[in-house]
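First the structure, in the form of structure tokens, and then the observations on it.
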There are 2 protein chains.
Amino acid sequence: MARQSQTSTAVLGVLSIESATGYEIRRAIAEILGHFWHESFGQIYPCLAELESAGLIRSRPGERAGSSRFEITSAGRRRLRELLAEPATPQPPRNGTLLRTFFGHALPPADLGRLLDEVESQARGHLSAYGAIRDGIAAEDGYDEHGPYWEATIRAGELAAGAQLTWVVETRAALLGSPVS
Amino acid sequence: MARQSQTSTAVLGVLSIESATGYEIRRAIAEILGHFWHESFGQIYPCLAELESAGLIRSRPGERAGSSRFEITSAGRRRLRELLAEPATPQPPRNGTLLRTFFGHALPPADLGRLLDEVESQARGHLSAYGAIRDGIAAEDGYDEHGPYWEATIRAGELAAGAQLTWVVETRAALLGSPVS
DNA sequence: CCAACCATGTAAGTTGTTACATGATTAA
DNA sequence: TTAATCATGTAACAACTTACATGGTTGG
């Protein structure tokens with residue numbers, strides 16, 4: 001068995017906050033959790049069918065023709081609590097940047113420089129994105145209840161991005177002799 | 001198409017440092033790159049067969065019966081340079097800890113505390129592991145040439161682990177009211 | 001009316017893990 | 001002699017992405 005899917009955790013989690021269509025679940029994950037989690041439609045729709053047949057969610061016809069709005073059942077809430085209490089199984093590490101850095105000796109300095117530039121601009125991009133997300137969630141349904149948890153999640157991203165920026169500066173100096181561009 | 005596999009990058013990278021059997025490649029990745037990369041035998045052996053038939057590596061009989069020792073060809077070195085110069089495609093984010101934190105409102109504080117304890121002890125474990133790896137690589141073949149790159153890789157891990165420890169302290173205070181255990 | 005978005009779902013293909021099968025060699 | 005380690009490989013399966021097919025709705 002490969003590691004167990006956590007798609008149902010994410011889906012039940014979203015539905016524990018508000019009822020939604022499959023499309024909305026995907027958008028909520030992409031917009032708010034996008035830096036920490038990801039689901040594709042190919043995962044979500046089959047997962048919704050399974051969760052419904054297990055009685056963890058129920059559906060009613062949505063506002064638009066052919067759409068369904070899902071809501072969590074009390075069995076679903078119990079199940080979500082179980083799933084969240086399970087230790088977080090880390091996905092096997094595959095950090096493309098560090099793989100490249102490790103074998104950086106085989107790479108012309110210009111390419112290595114580009115790699116570091118890329119990390120830097122991505123980290124800066126993430127930091128500014130977190131600011132926007134923070135502004136966005138304050139207006140979201142359920143912020144009163146969930147705000148501190150959401151803030152903690154964003155904070156983890158900020159600290160990670162900060163560490164990456166520190167690493168870029170250090171590493172440019174160590175491997176490229178800190179050219180002041 | 002799913003994202004292209006980077007197994008061949010890792011395998012060529014290891015072989016660019018020293019010739020090895022499939023078993024040794026896997027061990028090298030697990031021991032030295034284990035915090036940043038991962039490969040299983042089920043990936044490595046088919047990959048070696050492909051690389052050999054593409055002329056990027058060649059094999060000769062190994063020391064033990066039935067074993068083969070692989071070495072990189074000059075075409076393989078060229079190919080490695082290409083692969084390393086490609087932008088690092090990040091794997092889709094799936095951070096189980098942050099998924100749980102985000103939905104932490106649905107979780108009893110004791111379980112959330114356990115989650116944070118787990119992150120903390122893992123980060124501390126990583127930090128001490130990096131110390132051991134740093135000691136280990138200094139004795140490794142090729143340290144003269146590759147040392148700075150290897151150190152930079154480890155440094156990234158240390159900074160990330162440090163950021164996680166900061167996060168745990170902050171988050172305990174914010175979500176659990178900083179109980180002085 | 002047309003583009004963008006909302007909405008669902010499936011099929012094909014890739015990637016990767018795990019378990020299994022097999023056997024040689026080394027150290028206790 | 002027995003356990004651990006070295007060594008290779010495959011088969012089954014799980015997870016996930018991407019592309020496709022389909023069509024309704026909204027706003028400019």
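Residue numbers start from 1 in every chain, and the chains themselves are labelled A, B, ... in the order their sequence lines are given, proteins ahead of strands. Fair warning: this is a prediction, and the values are worked out from it, not measured in the lab.
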Practice item. Identify whether any heavy atom of A:Glu39 sits under 4.0 Å from a base atom; if not, whether one sits that close to sugar-phosphate; answer base, sugar-phosphate or nothing. Key: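 If one applies the 4.0 Å heavy-atom cut-off, A:Glu39 turns out to touch nothing in the nucleic acid.
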Check your understanding: Between A:Ser40 and B:Gly66, which has a closest nucleotide on DNA chain D that is more 5'?
Key ->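 The residue closer to the strand's 5' end, by nearest nucleotide, is B:Gly66.
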**Study point:** Of A:His38 and B:Phe41, the one whose closest DNA chain D nucleotide lies more 5'
**Key:**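 By nearest-heavy-atom nucleotide position, the 5'-most residue is B:Phe41.
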Check your understanding: Quick one: is D:dA7 close enough that its OP1 or OP2 comes under 4.0 Å of any side-chain N or O from B:Arg26?
Key ->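 Answer no for this pair, as no side-chain N or O of B:Arg26 is under 4.0 Å from OP1 or OP2.
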Under a 4.0 Å threshold between the charged nitrogen and the carboxylate oxygen, would [Y] count as salt-bridged to [X]?
| X | Y | result |
| --- | --- | --- |
| B:Glu151 | B:Arg134 | yes |
| B:Glu18 | B:Arg69 | no |
| B:Arg77 | B:Glu82 | no |

Nucleotide [N], atom [atom2] - distance to [atom1] of [X] in whole Å:
| X | N | atom1 | atom2 | result |
| --- | --- | --- | --- | --- |
| A:Gln43 | C:dG9 | CD | P | 15 Å |
| B:Arg27 | D:dT5 | CZ | P | 11 Å |
| A:Glu63 | D:dG23 | CD | P | 22 Å |
| A:Ile25 | C:dT8 | CD1 | P | 8 Å |
| B:Ile44 | D:dT8 | CD1 | P | 10 Å |
| B:Gln91 | D:dA15 | CD | P | 16 Å |
| A:Arg94 | D:dA15 | CZ | P | 16 Å |
| A:Trp37 | D:dT17 | CH2 | P | 11 Å |

Consider the side chain of [X], meaning its heavy atoms from C-beta on, and name the nucleotide among [options] that approaches it most closely.
| X | options | answer |
| --- | --- | --- |
| B:Tyr45 | C:dT17, D:dA7, C:dA7 | D:dA7 |
| A:Ser5 | C:dT17, C:dA7, D:dC16 | D:dC16 |
| A:Arg64 | C:dA7, D:dT5, D:dC16 | C:dA7 |
| A:Tyr23 | D:dA7, C:dA7, D:dC16 | C:dA7 |
| A:Ser68 | C:dT8, C:dA7, D:dA7 | C:dT8 |
| A:Ser67 | D:dC16, D:dA7, C:dT8 | C:dT8 |

Check your understanding: Which comes earlier along DNA chain C counting from the 5' end, the contact point of B:Ala65 or that of A:Thr21, where each point is its nearest nucleotide?
Key ->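 Closer to the 5' end of DNA chain C: A:Thr21.
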Exercise for review: Answer yes or no: is there a side-chain heavy-atom contact under 4.5 Å between A:Trp150 and B:Phe103?
Suggested key: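 The answer is no; the side chains never approach within 4.5 Å.
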Practice item. Before giving the answer on side chain to side chain contact (heavy atoms under 4.5 Å, CB included), spell out for B:Phe70 and B:Thr21 the whole-Å C-alpha distance, their side-chain angles and the decisive distance to 0.1 Å. Key: CA-CA 6 Å; B:Phe70 293 90; B:Thr21 64; 5.7 Å; no
